[in-house]
Amino acid sequence: MEYDHKKIEAEWQKIWEKNEKLWAAEDFSKKPKQYILVEFPYPSGEGLHVGHVRSYSALDAFARKKRMEGNNVLYPIGWDAFGLPTENYAIKNGIHPREATDKNIKNYKRQIKSLGLSFDWKREIDTTDPAYYKWTQWIFLKFFEKGLAYQVEMPINWCPQCKIGLANEEAVGGVCERCGAPAEKRNVKQWLLKITAYADRLIDDLNEVDYLEKIKTQQINWIGRSYGTNVDFKIKSNSQKISVFTTRIDTIFGVTALVLAPENKILQDFKENIANWPEVENYIIASAKKSDLERTTEQKERIGVEIKGIKVINPLNQEEIAVWVADYVIATYGGGAVMMVPAHDRRDWDFAKNYSIAIKEVVGGGDISKEPYVEYGRLVNSEGFNGLDSQEAIEKITQWLADNTLGGKAVNYKLRDWIFSRQHYWGEPIPIIHCDKCGTVPVPESELPVELPYVEKYQPTGTGESPLAAIKEWVNVKCPNCQGQAKRETDTMPNWAGSSWYFLRYIDPKNNNIFADGKKLKYWLMVDLYNGGMEHTTLHLLYSRFWHKFLYDLKLVPTSEPYARRQSHGIVLAEDNQKMSKSRGNVINPDNIIETYGADSLRIYEMFMGPFDQTISWNTNGLVGCYRFLNRVWDIFHRPEKFGSTVQDAEIKINQLIKRIGEDLEAMKFNTAVAAFMEFINFWSEDAKTLSKKDSETFLKLLAPFAPHICEELWLGLDNKMSIHLETWPAYNLELLEKGDYELIIQINGKVRDKIMVSKKLERSEIEKLTMARDAVKKHISGKEIKKIIFVPNRLINIVVS
RNA sequence: GCGCCCGUGGCGAAAUUGGCAGACGCACCAGCUUUAGGAGCUGGCGCCGUAAGGCAUAGAGGUUCAAGUCCUCUCGGGCGCACCA
């Protein structure tokens, strides 16, 4: 009989679909719960990527094993469907984003179902469904209520060609993602979420969770906490001061200038006092015109302007110091001002060289005539602090500043508040109304959701406003406060919004009264295992942890962290080692693979192709190998002569297999698990190797989470009535594995000279006797003195001779 | 520049965490089998050598009875952040 994957897979998928309870998660079940989460896909027009299949198949195997072990498993799926690609696609093709999204979801759903994944479809969610985004808006209102959502005028990336505002992630490298034109800066009123209020907890609470070390480091680096000192420089002949952050207060005596960012407000405040204001103003305007790209690529030549007419005083030695403006100083970090210590900082050194600013050594250990010395060392030229080492000096000087109310300890973060406005159509409307009389008024909860108007015109307006601004009948509303004329906020949320809390909605997807019921949340949280792409380990992970912590503070979720464990999977590249893309013509469509080889082969191959967390190239030949393996499995189960009583060595083999598959699945080592199945089939295929029906069934149970269709079919062929997926995960016989024989490696001076089978029960002395009796051993030690014998139980013996 | 990770056959990779290097799969070679199908079966497959044996985990050194695994340096590659004071 032939292995007809098409027929088998179609049949079983139909039966499983009817039997809704098979993969359903049950709220409040007495069984231990297990929440397994995969990042939900963005349903693009391209269809499912084989990279999705990799993650879903592997976690499906994990989830199925957990079910067989008696857990109440929640393994859900949904659609992260708001966002620019759909909006652009819609504009280009004249299809409404709603229709495009529905069409794409339908296609994704068909593709995912054809893989036989055990998702609980009754919990399917869609971030663009008003019943879903009602709660995204509701959470936003909570942020607003607590003062963590605020509006501010700030420069955003603006594409002069597309005439549209760009999010940072749409302007990577300073160019517009769509047309490649360099992005400019433009001042627009934006909504921000105060994620910086959670910076410390977002770092510190990483101790509570099990993420890959790499992922934790990424989060920590992104937040970029650094401890240092604030120090106030008084402005000469004025009562004002300029506050500066530094991590190297030990170098304060080496300050030879103060440098301000061009955006620093002080410049505008003091323009009357600045003698060369036109020159300074020109410089400010010029740097505003530069893109981030230009500002960062001009690193080598440091350009700035000295501000004439303003001097500041070094608080430690009362020295008078010049003030400069230069755009290598970042406006949004550390107050937008830097104390320049050319002797001990690379950038300051370059700048000082350019403008012949004094270079004064205050930390010994380097040769500052050649290059800046940036290491710690012993202080010189620092008056009362001479002779201290840097670390001690930092402490003492900071203390001195604090005592004299001239500064003190300070912490700074690279993390900025999250720009939450998008001037686009296809996103959640921000539920705010602007009233001339009452100001910024939240939409009352009872009026949520604020639905996106279904209109024909969602093209950018070109004014920098969202396309929603052009829809008068939607924009003009009554103020909920005073009933006067008012206007809706026309910005929408970024597509990070819906994905910041989606894992909570799976827990209670149909609830109309709250985003999710508290008791259910308590039952299901935390997420036990969260898997997704490495590209989401900074932003998405950080954002969703932030939202979760906020909800935790409102006592709306029971845990301070959402995800107990996070694993990431590697990208699947095309056969030519390039990213798969339509334009390169190297895309592998899972539909075609399933048609030719079947879903089970595809699933097995995606797990076998390499270590799960590693980027790997597709190879159709490798897939064929997995297809052959399943054919061999099919074949052997249809050969009566392979059944009988289990031969003795097979008994150990099957127990080893149970142990290994279990361990490999827990460790996410799917590739070696598949290899173990292949090994076992190779072994069983050998002449005269027979298995009992029970042991062959054990093999099928182990393989079922990996290749669910073929195993269900073969299981039925062995006269079973119920689904194999309802079976209990096999246990192994530890005793059997621990007793018995093993192959002892015999080494002379660390080189393998012989191998013998010995019992695990033998004492060391008996093993030594057996070893010495071997011809190969005698040959290699004759005439030599035995210095030492190393014996590693169950493994090897090493005889050291002179 | 800073931080993290990684270098093993022709290729994707294993290696119980210091104990047989190359499991498993691909590709390749030989044989069998009327076999047109991304066929199957058997055997081979790191390098040198007829063999015994020797040499091999990017390179050099070190620790150890024993090193792919630990330490030091060099070379090569990947990822993240990127003027963060």
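Letters go in sequence order (proteins before strands), and every chain restarts at 1.
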Peer 1: Is it true that A/R225 and A/D200 make a salt bridge, defined as a side-chain N closer than 4.0 Å to a carboxylate O?
Peer 2: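 A salt bridge links A/R225 with A/D200.
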Peer 1: Checking only heavy atoms, does the side chain of A/R302 share a donor-acceptor pair with the base of B/C83 at less than 3.5 Å?
Peer 2: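 When only heavy-atom distances are counted, A/R302 does reach the base of B/C83 through a donor-acceptor pair under 3.5 Å.
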Peer 1: Determine: side-chain N/O of A/K216 to OP1/OP2 of B/G3, distance under 4.0 Å, yes or no.
Peer 2: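 So the side chain of A/K216 is outside the cut-off, no N or O lying under 4.0 Å from OP1 or OP2 of B/G3.
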Peer 1: Go through B/C83, B/G12, B/C20 for me and flag the one nearest to the A/I616 side chain.
Peer 2: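 My answer, after comparing the listed nucleotides, is B/G12.
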Peer 1: Under 4.0 Å, counting only non-hydrogen atoms across every strand here, what does A/R628 touch: a base, just sugar-phosphate, or nothing?
Peer 2: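 Sugar-phosphate: the residue A/R628, judged by heavy atoms under 4.0 Å, touches backbone atoms but no base.
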Peer 1: Within this structure, what is the NZ-CZ distance for the pair A/K241 and A/F233, rounded to the nearest 0.5 Å?
Peer 2: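 Atom-to-atom, A/K241:NZ and A/F233:CZ are 12.5 Å apart.
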Peer 1: How far does the P atom of B/G25 sit from the matching atom of B/G76, given to the nearest Å?
Peer 2: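 It comes out at 37 Å once rounded to the nearest Å.
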Peer 1: Could you identify the nucleotide paired to B/A36, looking across every strand shown and requiring Watson-Crick or G-U wobble geometry with both distances under 3.5 Å?
Peer 2: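 WC or wobble partner does not exist here.
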Peer 1: Closest-nucleotide mapping onto RNA chain B: is A/T247 or A/V792 further toward the 5' terminus? I mean the 5' end.
Peer 2: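 Going by which nucleotide is closer to the 5' end, it is A/V792.
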Peer 1: Is any side-chain N or O of A/Y597 under 3.5 Å from a base N or O of B/G38, one able to act as donor and the other as acceptor?
Peer 2: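 Flag set: donor-acceptor pair detected.
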Peer 1: Using a 6.0 Å cut-off, check whether atom CD of A/E306 has over 12 heavy atoms from anything other than its own residue.
Peer 2: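 Above 12, so yes.
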Peer 1: Are A/N621 and B/A27 close enough that a side-chain N or O sits under 4.0 Å from OP1 or OP2?
Peer 2: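 Yes, within the criterion.
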Peer 1: So, OP1 or OP2 of B/C20: does either fall under 4.0 Å of a side-chain N or O from A/K755?
Peer 2: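 So the side chain of A/K755 is outside the cut-off, no N or O lying under 4.0 Å from OP1 or OP2 of B/C20.
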Peer 1: Does a side-chain N or O of A/K751 approach OP1 or OP2 of B/C55 to a distance below 4.0 Å, or not?
Peer 2: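 Yes, within the criterion.
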Peer 1: Please report the closest heavy-atom contact between A/H780 and A/K784, naming both atoms and the distance.
Peer 2: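 What the structure gives for the nearest pair is O-NZ, 3.7 Å.
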